[in-house]
Amino acid sequence: MKTNRPIHVLLAGIGLASLLVYVLACSTAFSPDDRQVLYPSFDPQSGALSFAIYDRKSGRSEHVFSGMQLHADTNFHSSPMRAEWMPDGKHILVAQADEKDRLSLTLLPRGVAEPIRHFGSIACQDATMALQFPFAVAGHWVFLNQEHGFVRLDLRTGEGVTTTNLLAMMPNEDGKTIVGWREAENDSGEFGLVNPQTLEFQSKLIITNSIKDGTFPIFNSQAHEAIFIAHVGTNQEFQVQRDGQKTFSRLISRPGYDVKVASIFLALGPGKDRAFTTYLSQTEGQTNYECGLLEIPLSEKPLRFTPLFSVKSDEMVALLAQPSLSHDGRTWAISSAWLGVKDKSNPKPEDCALFLVEVDRRLPKVTKVPIVQPNVRDEGMNF
């Protein structure tokens, strides 16, 4: 049956209603030259959520942005926000939910002599909805998803256009067009390309299988191909579809463990021979879940599991764990900053970190950048 909520269909079962979105910043982003990694951290002064940049050459981090909201009944709230690199590598875009139906955007220059640009009080149906997915950027436009449509903002002029076009807008690798997704009938979905100027949608592919709740497919418009996690009975299955036909599949399994894909996003390696995502697994007798990198070869080679940290619950990990793959495909990054917010009693506080995994090695090398948990209580971080 058709629905007017394409974003919510993809996130069904994650439990958004119970999520205080102060941790939606828990996504990582490589700079276009892969030299720096943008990741969530905590302001050393206030304890509020902030963003830091890790320089891979020097091994040092620099805090670049902190967002707080003041309220009469509390000291402060961490501002719900998301940050990502712009394609030119010279700017960082930060979005903050000021109110339930208001957003603000800040464009931070990096290494260029330009002023900081701030776009305040952008009207939207649900400000937090715009923070749940990566920004779709094409040229000087940025697209912000809403429950029923999207907002297109011109970063040169500040002009905004709001539409009720029932599409989820996602970034495309070419930086010129936008990938659009909408629900079709019988639990299927339709991918296409969106002209950022005219907003015209050109259908490219219909996925006929039931996509796993909370997983967004990889879409290749040139090959008319989609890669995603599907339901097969009680199991999860990695699938490749081309022109609506399944061309490859394999079950997600691990002998001796209950295992499942734990991220809403997949990343495809540069050789198109592997996909990367986050997994959760637990064996009999364990109380915690092992969380780490899952490499899925597009062949009969075995799945590769790289443990990174543990969590006490699998609740909402699919939304909180938003990893990224470097542009050269050699390094995968994930932040577990939400552990410093959601569960201060986690048995391994040192698990709160930025993890960089070099995946171009026979045995992956892991670099761990600790994220110091805040000592100051943020009243807005009360789960």
Side-chain angles (χ1 to χ4, degrees), residues 6-7 21-22 24-25 27 29 31-32 38 40 48-51 53 63-71 77-181 193-201:
I7 294 288
V21 292
Y22 303 105
L24 283 175
S27 58
S31 61
L38 181 66
L49 273 171
S50 67
F51 290 102
I53 292 178
H63 287 268
V64 295
F65 191 89
S66 179
M68 290 177 281
Q69 295 176 340
L70 300 180
H71 293 270
H77 291 281
S78 280
S79 193
M81 57 186 179
R82 185 185 190 100
E84 292 181 16
W85 288 95
M86 292 293 286
D88 62 5
K90 299 177 181 179
H91 300 85
I92 293 171
L93 183 63
V94 182
Q96 296 174 268
D98 298 326
E99 300 175 26
K100 183 178 180 180
D101 59 354
R102 295 282 167 176
L103 271 178
S104 65
L105 295 183
T106 304
L107 197 60
L108 301 175
R110 294 292 299 174
V112 290
E114 294 180 6
I116 296 173
R117 305 192 72 189
H118 182 75
F119 306 87
S121 195
I122 302 169
C124 56
Q125 298 160 358
D126 186 343
T128 62
M129 182 67 66
L131 306 179
Q132 293 168 14
F133 284 83
F135 303 135
V137 177
H140 52 85
W141 286 301
V142 60
F143 293 81
L144 305 169
N145 288 301
Q146 301 187 90
E147 184 175 346
H148 300 284
F150 55 86
V151 176
R152 185 188 70 184
L153 181 71
D154 191 320
L155 294 175
R156 301 175 307 177
T157 66
E159 178 186 7
V161 174
T162 301
T163 176
T164 56
N165 196 334
L166 299 179
L167 290 172
M169 306 292 274
M170 303 297 293
N172 199 14
E173 291 183 357
D174 64 10
K176 299 178 182 179
T177 56
I178 300 294
V179 173
W181 158 274
L193 298 180
V194 180
N195 184 308
Q197 182 173 8
T198 65
L199 303 181
E200 179 184 0
F201 176 77

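All values reported here derive from a predicted model rather than from experimental measurement. The first residue in the sequence is number 1, and the count goes up from there. Below, all heavy atoms of this structure are taken into account, side chains as well, without hydrogens, waters or symmetry copies.
Contact check for Ile53 versus Leu38: side-chain heavy atoms found under the 4.5 Å cut-off. Taking 4.5 Å as the limit, some side-chain heavy atom of Pro134 sits within range of a side-chain heavy atom of Glu84. Contact annotation: the side chain of Leu199 approaches that of Phe143 to within less than 4.5 Å [non-hydrogen atoms, C-beta and beyond]. At a threshold of 4.5 Å between non-hydrogen side-chain atoms, the residues Arg152 and Thr163 do not count as touching. The shortest distance between side-chain heavy atoms of His91 and Leu155 does not fall below 4.5 Å.
Residue Pro171 comes nearest to Ala136 through the heavy atom pair N-CB, 3.8 Å, listed as atom of the first residue, atom of the second, then distance. Minimum heavy-atom separation, Gly158 to Leu153: O-CD1, 3.4 Å. The minimum heavy-atom distance between Val64 and Leu108, with the atom names listed, is O-CD1, 4.1 Å. Here the closest heavy-atom approach between residue Ile116 and residue Pro109 is recorded as CG1-CD, 3.8 Å.
Partners of Ser31 according to the side-chain hydrogen bond (donor to acceptor under 3.5 Å, both in side chains) rule, which considers only residues two or more places apart in sequence or in another chain, are Asp33. Remark: His140 pairs with Asp154, Arg156 by the side-chain hydrogen bond (donor to acceptor under 3.5 Å, both in side chains) rule, at least two apart or across chains.
Around CD of Glu200, the count of heavy atoms belonging to other residues, nucleotides or ligands within 6.0 Å does not exceed 12.
Here the options are Met86, Arg82, Met169, the test is side-chain contact (heavy atoms from CB on, under 4.5 Å), and the partner is Phe135; only Arg82 passes.
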